[in-house]
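What you see is a predicted model, and the numbers here were worked out from it, not measured in a lab.
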Amino acid sequence: MSLAPLGPISSSLTSAMAGAMPSAVAGPAATSAIQQTTTAGAQAPSGDFAASLAGAVDNLQQLQSTSNQLAVQAVTGNLDDIHNATIAATRAQVTLELASTVRNKAVDAFNEIMRMQG
């Protein structure tokens with residue numbers, strides 16, 4: 001298993017997510033998160049795995065922050081369209097699941113490498 005394609009995969013996923021949610025539906029907070037996601041994904045093909053991983057974690061934190069802000073607005077009654085909060089929460093959840101799966105696969109690969117005999 002090669003972990004290098006993480007950058008192109010994450011950038012294609014974020015591009016697909018950005019294309020699937022128009023700015024009019026997403027709202028300003030989600031739109032800025034999409035723009036930051038696309039910017040972070042553009043830096044991934046440099047070949048530096050650590051930078052790709054750091055960018056993915058930063059993206060996840062931004063999505064969770066946006067989700068939390070919209071959830072607070074929904075609870076306090078300041079959110080006009082609950083659809084935005086639902087989309088943001090789902091995006092944050094799916095991204096967290098993706099990050100968890102990638103982490104688990106990396107740990108499995110590391111453990112298998114450690115079991116190899118030289």
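- In terms of modelled atom types and a separation under 3.5 Å, the side chain of T95 and the main chain of A92 share no donor-acceptor contact.
- Other residues, nucleotides and ligands place more than 12 heavy atoms under 6.0 Å from the CD atom of E97.
- You'll find the side chain of V102 stays beyond 4.5 Å of the side chain of K105, heavy atoms only.
- Annotation for N78: atom CG counts as buried by contact number, over 12 foreign heavy atoms lying within 6.0 Å.
- Separating the CD1 atom in I87 from the OG1 atom in T66 is a distance of 13.0 Å, to the nearest 0.5 Å.
- Checking V75, D81, I82 one by one against L79, the side chain to side chain contact (heavy atoms under 4.5 Å, CB included) holds for a single residue, I82.
- Taken to the nearest 0.5 Å, the CD atom of Q73 stands 5.5 Å off from the CG atom of L70.
- The main-chain N or O of V72 is found under 3.5 Å from a side-chain atom of T76 such that the two form a donor-acceptor pair.
- Going from atom CD of Q62 over to atom CG of D58 covers 9.0 Å, rounded to the nearest 0.5 Å.
- Checked by atom type and distance alone, the side chain of S67 never pairs as donor or acceptor with a backbone atom of L63 at under 3.5 Å.
- Remark: N59 CG to Q64 CD distance equals 10.0 Å, nearest 0.5 Å.
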